[in-house]
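Below is one structure; the comments refer to it alone.
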Amino acid sequence: MKYDIDAIFKAYPGIDICIEDGVGVFDKDHNPITLDQAKIDAARVELDKLKYQTDRTTDGEVIYDSWRSQLAMLYDDMIAGKLDTTGTWATHIKAVKDANPKP
Amino acid sequence: MPVAINGSGTVTGVSVGGLPDGIVDADTLANSAAAPLKRGSGSTLQTVITENTVGSIAATGDTIHAVTSLETSITPLKANSKFLLTLSGVNGHCNMIGSTGNHGARYFFYVSVAGGSYANAATHSDPLCATHIQGDLGNWLDFPVKYSYLASPSYSLGQSLTFRPQFTKDNSMGNSFTYYFNHNTQSNRAIMMVSEVAQS
């Protein structure tokens with residue numbers, strides 16, 4: 001069995017636990033812990049609400065370019081007189097937001 | 001006792017060390033004749049391996065957590081042997097995106113004698129391996145983890161020894177952060193190897 005590690009850690013804060021895929025979840029004395037799936041599901045919902053942020057910056061297939069590249073886009077748009085929604089920078093930002101919508 | 005050559009095909013009366021040095025060559029020995037119990041100090045007597053696609057193994061707090069799936073048992077063939085422990089194929093993990101945790105982990109070997117409680121297999125409390133990342137690099141990294149140790153547990157002949165890896169948080173990381181023994185990004189196979197090394 002594969003565990004939702006991040007959700008378990010969020011559902012059970014402040015205690016020492018160890019999660020082994022396919023084996024079990026244990027306390028600090030290596031005694032098995034019985035998990036409350038409802039608590040884990042609720043934690044997963046909360047984590048998913050925040051997921052769009054990392055999807056836009058690191059984890060998604062379409063992510064923000066570096067700040068240096070974005071400044072270069074803005075400069076090029078400025079020189080080209082395209083500091084509007086058709087410019088390189090605005091198009092890039094929109095593509096990332098569209099690919100990773102805020103829940 | 002006089003040396004006698006018997007009609008049954010046996011020679012009797014030869015004392016220990018009574019043959020000239022070097023008289024027995026490799027061809028004279030039968031295959032596999034040098035059984036483990038006949039091997040001397042420094043010889044490998046037996047090797048036991050546990051391998052597993054361990055999946056993700058992660059933890060919180062300052063406990064030195066156990067890795068159950070790599071427990072490896074061995075029953076020594078000789079007294080006072082040492083045990084060469086090797087762990088490989090582990091995908092360590094560090095993540096400090098936004099300083100949110102997963103800075104790294106410290107790795108150990110623990111041993112249980114005859115089903116007793118587990119204790120550090122080393123003669124010191126220092127980790128045998130560690131991963132660490134310092135500062136927000138904007139992403140996470142996985143590191144190959146491989147370490148060895150020559151352990152000298154106390155045991156009696158007939159008792160079984162069980163070795164396993166254990167891990168805990170990075171030295172400089174807060175208890176509320178999470179850390180990984182293995183990060184399951186590669187479906188990698190971890191291998192725990194225990195070899196008995198004769199001391200006499």
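Sequence lines set the chain letters: A, B, ... in the order given, protein chains first and strands last, and positions in each chain run from 1.
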Open item on the list: Please determine whether side chain to side chain contact (heavy atoms under 4.5 Å, CB included) holds for the pair A/Ile17 and B/His65, giving the CA-CA distance in whole Å, both sets of side-chain angles, and the decisive distance to 0.1 Å.
Closed with: CA-CA 8 Å; A/Ile17 54 176; B/His65 293 283; 5.7 Å; no

Open item on the list: Looking at B/Ser69, is its backbone amide N or carbonyl O close enough to the side chain of A/Glu20 to form a donor-acceptor pair, meaning the two atoms are under 3.5 Å apart?
Closed with: yes

TODO: Show your working on side chain to side chain contact (heavy atoms under 4.5 Å, CB included) between B/Phe181 and A/Cys18 and close with a plain yes or no.
DONE: CA-CA 10 Å; B/Phe181 172 82; A/Cys18 180; over 6 Å; no

TODO: Nearest 0.5 Å please: distance from the CD1 atom of B/Ile57 over to the CD1 atom of A/Ile19.
DONE: 11.0 Å

Open item on the list: Using a 6.0 Å cut-off, check whether atom NZ of B/Lys78 has over 12 heavy atoms from anything other than its own residue.
Closed with: yes

Task: Listed once per pair and sorted, the salt bridge (charged side-chain N to carboxylate O under 4.0 Å, His left out) pairs that draw on residues 36-61 of chain B, sequence neighbours left out - done: B/Glu51-B/Arg189

Open item on the list: Would you say B/Leu29 ends up clustered with B/Ile23 if hydrophobic residues are merged whenever their side chains have heavy atoms under 4.5 Å apart, either directly or through other cluster members?
Closed with: yes

Task: Polar contact flag, side-chain donor to acceptor under 3.5 angstrom, A/His30-B/Thr63 - done: no

TODO: Please say whether more than 12 non-hydrogen atoms of neighbouring residues, nucleotides or ligands are located less than 6.0 Å from CG in A/Leu50.
DONE: yes

TODO: Heavy-atom distances under 4.5 Å only: say whether B/Asp62 touches chain A with side chain, backbone, both or neither.
DONE: both

Open item on the list: Is there a continuous path of hydrophobic side-chain contacts, each under 4.5 Å between heavy atoms, that joins A/Ile33 to A/Ile40?
Closed with: yes

Open item on the list: With a 4.5 angstrom heavy-atom cut-off, is it the side chain or the backbone of A/Lys28 that approaches chain B, or both, or neither?
Closed with: both

Task: chain B contact via A/Asp6 - which portion, at a heavy-atom distance below 4.5 Å - done: side chain

TODO: Hey, could you give me the OG1/CD1 distance between B/Thr178 and A/Ile8, rounded to the nearest 0.5 Å?
DONE: 12.0 Å

TODO: Check whether more than 12 heavy atoms from other residues, nucleotides or ligands sit under 6.0 Å from atom CG of A/Asp65, and answer yes or no.
DONE: yes

TODO: Step through the shown structure and confirm whether more than 12 heavy atoms of other residues, nucleotides or ligands are within 6.0 Å of NZ on A/Lys39.
DONE: yes

Task: A/Phe26 CZ to B/Thr68 OG1 distance, which is reported to the nearest 0.5 Å - done: 4.0 Å

- [ ] Provide the full list of salt bridge (charged side-chain N to carboxylate O under 4.0 Å, His left out) pairs with a residue in residues 153-173 of chain B, sequence neighbours left out, each pair given once.
- [x] B/Glu71-B/Arg164

- [ ] Answer yes or no: does atom CD of A/Glu61 have more than 12 heavy-atom neighbours from other residues, nucleotides or ligands under 6.0 Å?
- [x] no

Open item on the list: If the condition is side chain to side chain donor-acceptor pair (under 3.5 Å), which residues does B/Ser73 pass it with, not counting sequence neighbours?
Closed with: B/Thr162

Task: Interatomic distance, A/Ile5 atom CD1 to B/Ser56 atom OG [nearest 0.5 angstrom] - done: 4.0 Å

- [ ] Please list, in residue-number order, every residue in residues 106-129 of chain B that has a heavy atom less than 4.5 Å from any heavy atom of chain A; write 'none' if there are none.
- [x] none

- [ ] Tell me whether B/Leu45 is reachable from B/Leu37 by hopping between hydrophobic residues (I, L, V, M, F, W, Y) whose side-chain heavy atoms are closer than 4.5 Å.
- [x] yes

